[in-house]
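Below is one structure, written out as C-alpha cells, with a few remarks after it.
Here is the naming used below: chain letters follow the sequence lines, and residue numbers restart at 1 for every chain.
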Protein chains: 2
Amino acid sequence: MSGRTRSTATISRVAEAAGVSRATVSRVMNGRSTVAPELAARVLAAAEALDYAPSPVARSLALGRTATIALIVPDLSNPMFQDVLRSLSLAAGEDGHRLLIAESNEHVEDEEILAIEARRRCDGIVLASPRLPTEDLRRLVPQLAPMVLINRKLPGSDVPSLSVDHGAGISDLVSHLLSLGHRKIVYLAGPPVAMSNVERLTALRRLSDNGRQFELIQLACGAMFDNGHAAAGEVMSTGATAVVAYNDMVAFGALSGLHELGVSVPDQISVTGFDDIPFARFTTPPLTTAAVPTGTLGRQAWEHLREQLQGHSSTQETDFRPRLLVRGSTGRTT
Amino acid sequence: MSGRTRSTATISRVAEAAGVSRATVSRVMNGRSTVAPELAARVLAAAEALDYAPSPVARSLALGRTATIALIVPDLSNPMFQDVLRSLSLAAGEDGHRLLIAESNEHVEDEEILAIEARRRCDGIVLASPRLPTEDLRRLVPQLAPMVLINRKLPGSDVPSLSVDHGAGISDLVSHLLSLGHRKIVYLAGPPVAMSNVERLTALRRLSDNGRQFELIQLACGAMFDNGHAAAGEVMSTGATAVVAYNDMVAFGALSGLHELGVSVPDQISVTGFDDIPFARFTTPPLTTAAVPTGTLGRQAWEHLREQLQGHSSTQETDFRPRLLVRGSTGRTT
DNA sequence: TTGAAAGCGCTAACAT
DNA sequence: ATGTTAGCGCTTTCAA
C-alpha cells in the first residue's frame, strides 16, 4: 500500500530475503515440482514484498526461447496486413506470446536482413513477403525456421503456407455476375507484377473461355482508389455491364468515378471488389466483394507456428477460399 | 557459397576459430576501441565463415537493454492507432529499435498487467490507454518509465505526453462552417465517457456561446458508422444546416444515411468529420474534417522515448492542432 | 592492445 | 524436497 520499490529485484535478493536458494525461488515462481508449502509461502511473501518478477530477458537466455514471435510485412498501411497483424497478435497473446513487428516498407532489398535480424530476437516468424524472390527465400529457410508463410508458397520446402485462393474468389464473383445476366465484363487490372493480380486475371480468362461464357475486357489500372477513379470513363466506353475490380480500393475508385459521371450503380453497371476491407460495407452502394479471411489467416498462422515451436513439424499448404459477399453494388443487367 | 551452417555459432566458437579471446571478438563485433588490424581481420573472417551474429538476447542481458520498445493500445482495429503504430515502428526502426505490440483489446482491467509485462521485455513503452484511471496510471509510472503517453496527460508527473488539441480542431471546423453561413449546427456526439468527445463537445459549447454565435443541437450518437447512419433522420428533423460528427466514421454513416433519405450533401446540409482516417478523402462527397496528425504523434513518441533512453529526461506536454481539411462535404448554406 | 575473470538474472542437472 | 553448481552468450572491468 505504500512501499515504492525501484531498481527491480532479482532472484538472488528474493532467495536471500526468504532464506532459501535461488533454485527454490525459481521453482516456486514457475510452479515447479514440489516445494514445501511453508517454503513456498516464504518465497511468495518475499517476492511480493520486493515486488519481484522474473526477468524475461534472463529467462530467455537460460531457456533458449523468448515467448515472442515476429510478423514481417512489406507495408503496414495495407488493410489486409493490419487485420492479419491484429488476429495474429491476439492468437499468440492468448498463448502467452508477444508479437514483434517488422515492416520492410516495401524495400525488398532490406527484407532479407530484416527477417534474419527479427528472427534472432524471437522464436519464430510469420513472413508476408510477396516480393522476395523464391530463390532467396529458399536459401533463407534454415535461418528463419520455424516460420510460416502468408500469401505465398514455397514448393518442395516444409514451410507451412497460408494463401488466398484468388481463383476461387474470382469464380464466385463471376458466377454471381453471370447469374445476374452479365455477359460483358471488364477487369480493372492490378499491378502486373502482383501475384494476386496474375492469379485473378488467369481465373477470369479461364472462366471466360475465350468469350464463350462471357466477353472479358481487360483494362490496365492499378491497386489504388485513384486508379479506379480514373478508369471510370474508359469502363463506360467499353459498353460492359459489369466491372470486376482488382481489389476493393480500385472498386471504390470506380464507384466514385462512375458516380461523378452520373452513372448509377448497380442499375447501369455492376461493380465488384476483392478483399472486403473494413470500409467495403460502407460505400454507396455497399460493395459486393470476395472477402479474404484475414482473421483466419492470422489465427492459423499462429497455430502452425505454435506446432513448430512445440517440435511438431507442421508442413502444410492451405488455400483459403474467399467468401462471396453480395451487397448493393451488383444487380441484374437491364 | 556452399556451407550451410545450422545451430548458430557463439562468440566462443568464433574466438576459438580465430585464436583470440572472446573479449576480442566482442570488441571487433562492436567496432570497439583499437584491435590490431590483423586480429580484427582474423575475427571477421572466422565470424563470416561460421555465419556468426551476436545473440540479441545475450547482449540484452549483459547490457541491460533490449533495443526494443512496446506500443500498448486498446484496439488495433482503430485506424488512428494503426497509423501511430506504423509511424512509431518506422521511426524506432530507423534508430535500430524494434517494436513490440500489445493490444489490450479494450479490456481495461488487463491493461495494467499487460503494460507491466510488456515493459519488462523492453526498454520503454508508448502507452495509448485512454481508459486506464489516472490514479492507477500515476501509481504505475515508476514501473513503466521510461514511457510516453499518447492521447492523455498525467499532470504533475514528468511523463511526456502527446495529445490532440480537440478544441482547436473543433474551432477550425466551426469557423469554417460559420464562414459558410451556417448558424444552426447539430453535434453527433460520441461515447459520453470518451475524453475526446467531452473535449469536442466542450469546445462546441464554448464556441456557440449560448447560441449567440450559432445554435448548437446535441444528438446522442456513438463512434461507429451505424450510429451516424441511424441518426440521419433525426438530424434532418432538427432543421440544422450543418452537422459536426464526433468522428469520421460517424460522419460516413451520416453521409450514407442522408444519401438514402435523398438529402444532398453539401447542397442541403453540410457534414464534417474528425480524424481524417484514410478513407475520408474517398467518400462521396469527400469529407471535410480535422486531420489528426497521427504520423507526427508516432514519430514524436519515439523521439521523446529516445531522449529518455539516452538519459535525458524529456518531460513535456504537447498538444497537436489538427489540420483543417476542407473537402466536398461542406458548402454554403442556402 | 589483448586476455582473464566476473557478472547480467535465470534455469536445470545433479547431489544430497 | 532443497541446495550446489554449471551454464545460457555476451560485455566489461581490471591486469598484464
Side-chain angles (χ1 to χ4, degrees), chain A residues 5-44 46-47 50-68 96 116-117 119-123 143, chain B residues 5-44 46-47 50-68 96 116-117 119-123 143:
Chain A
T5 321
R6 247 7 336 270
S7 69
T8 19
T10 71
I11 196 173
S12 298
R13 284 204 202 304
V14 175
E16 191 180 10
V20 301
S21 73
R22 295 178 320 187
T24 297
V25 176
S26 172
R27 287 193 266 257
V28 172
M29 295 313 288
N30 294 293
R32 265 306 185 308
S33 62
T34 38
V35 175
E38 167 198 319
L39 274 202
R42 284 224 308 272
V43 168
L44 257 12
L50 296 174
D51 198 17
Y52 169 75
S55 149
V57 177
R59 291 193 90 231
S60 296
L61 182 58
L63 292 174
R65 55 186 157 76
T66 61
T68 301
I116 295 178
E117 212 268 338
R119 173 61 182 82
R120 297 186 55 80
R121 302 182 173 275
C122 60
D123 303 337
Q143 314 186 45
Chain B
T5 321
R6 250 3 338 270
S7 68
T8 18
T10 71
I11 196 174
S12 297
R13 285 203 202 303
V14 176
E16 190 180 10
V20 301
S21 73
R22 296 178 317 187
T24 298
V25 176
S26 172
R27 288 192 266 257
V28 172
M29 295 312 288
N30 294 294
R32 263 306 185 307
S33 63
T34 38
V35 175
E38 166 196 319
L39 276 202
R42 284 226 305 273
V43 168
L44 256 13
L50 296 174
D51 198 17
Y52 168 76
S55 149
V57 177
R59 292 193 88 229
S60 296
L61 182 59
L63 292 173
R65 57 187 155 76
T66 61
T68 300
I116 295 178
E117 211 268 339
R119 174 61 182 82
R120 295 186 57 79
R121 304 183 171 275
C122 60
D123 304 337
Q143 314 186 44

| request: Using the heavy-atom set of chain A and a strict 4.0 Å cut-off, write down the first and last nucleotide of DNA chain D that makes it in, 5' to 3'. | output: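 Span of nucleotides near chain A: D/dA1 to D/dG9.
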
Among all residues two or more places apart in sequence or in another chain, which pass the side chain to side chain contact (heavy atoms under 4.5 Å, CB included) test with [X]?
X	result
B/R59	B/N30, B/P54, B/L63
B/E16	none
A/T68	A/T66, A/R98, A/L100, A/C122, B/L100, B/R121
A/A40	A/V28, A/V35

Using atom [atom1] of [X] as one end and atom [atom2] of [N] as the other, report the distance to the nearest whole Å.
X	N	atom1	atom2	result
B/R121	C/dC10	CZ	P	13 Å
B/I11	C/dA4	CD1	C1'	14 Å
A/M29	C/dG9	CE	P	15 Å

| field | First encountered from the 5' end of DNA chain C, between B/A40 and B/R120 | value |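 Counting from the 5' end, the first nearest nucleotide belongs to B/A40.
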
| message | Between B/T24 and C/dG3, is there a contact of a side-chain N or O with OP1 or OP2 at under 4.0 Å? | response |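 Yes, within the criterion.
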
| message | Just N and O in the side chain of B/S21: are any of them under 4.0 Å from OP1 or OP2 of C/dA4? | response |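 No, because none of the side-chain N or O atoms of B/S21 sits under 4.0 Å from OP1 or OP2 of C/dA4.
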
| message | So if I take the C1' atoms of five pairs at each end of the helix from C/dT1-D/dA16 to C/dT16-D/dA1 and get each local axis, what angle do the two axes make, rounded to 10 degrees? | response |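 Rounded to the nearest 10 degrees, the bend comes out at 40°.
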
| Minimum heavy-atom distance between B/V14 and B/V43, given as atom pair plus value |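 In terms of heavy atoms, the two residues are closest at CG1-O, 4.1 Å.
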
| query | For residues 32-41 of chain B, which residue pairs qualify under salt bridge (Lys or Arg N to Asp or Glu O under 4.0 Å), counting only residues two or more places apart or in two chains? | reply |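 Residue pairs with at least one partner in residues 32-41 of chain B: B/E38-B/R42.
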
| Results of salt bridge (charged side-chain N to carboxylate O under 4.0 Å, His left out) for A/R119 - residues two or more places apart only |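 Listed in chain order: nothing, the list is empty.
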
| message | List the residues meeting salt bridge (charged side-chain N to carboxylate O under 4.0 Å, His left out) with B/R22, not counting sequence neighbours, and say none if there are none. | response |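 B/R22: no salt bridge (charged side-chain N to carboxylate O under 4.0 Å, His left out) contacts found.
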
| B/T24: what forms a side chain to side chain donor-acceptor pair (under 3.5 Å) with it, not counting sequence neighbours? |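 Counting only residues at least two positions away or on another chain, B/T24 forms a side chain to side chain donor-acceptor pair (under 3.5 Å) with B/S21.
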
| said: Once side chain to side chain donor-acceptor pair (under 3.5 Å) is applied, do any residues pair with B/S12, and if so which ones, sequence neighbours excluded? | reply: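 B/S12: no side chain to side chain donor-acceptor pair (under 3.5 Å) contacts found.
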
| request: Classify the nucleic acid contact of B/V20 as base, sugar-phosphate or nothing, counting any heavy atom under 4.0 Å across all strands shown. | output: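 Here B/V20 touches the backbone only, sparing every base.
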
| Are there more than 12 heavy atoms of other residues, nucleotides or ligands under 6.0 Å from atom CZ of B/R65? |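 Open: at most 12 neighbouring heavy atoms sit under 6.0 Å from CZ of B/R65.
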
Within the sub-3.5 Å range, which N or O atoms of nucleotides 12-16 of chain C have a protein N or O partner, and how far apart are they?
from, atom 1, to, atom 2, distance (Å)
C/dA12, OP2, A/R32, NH2, 3.3

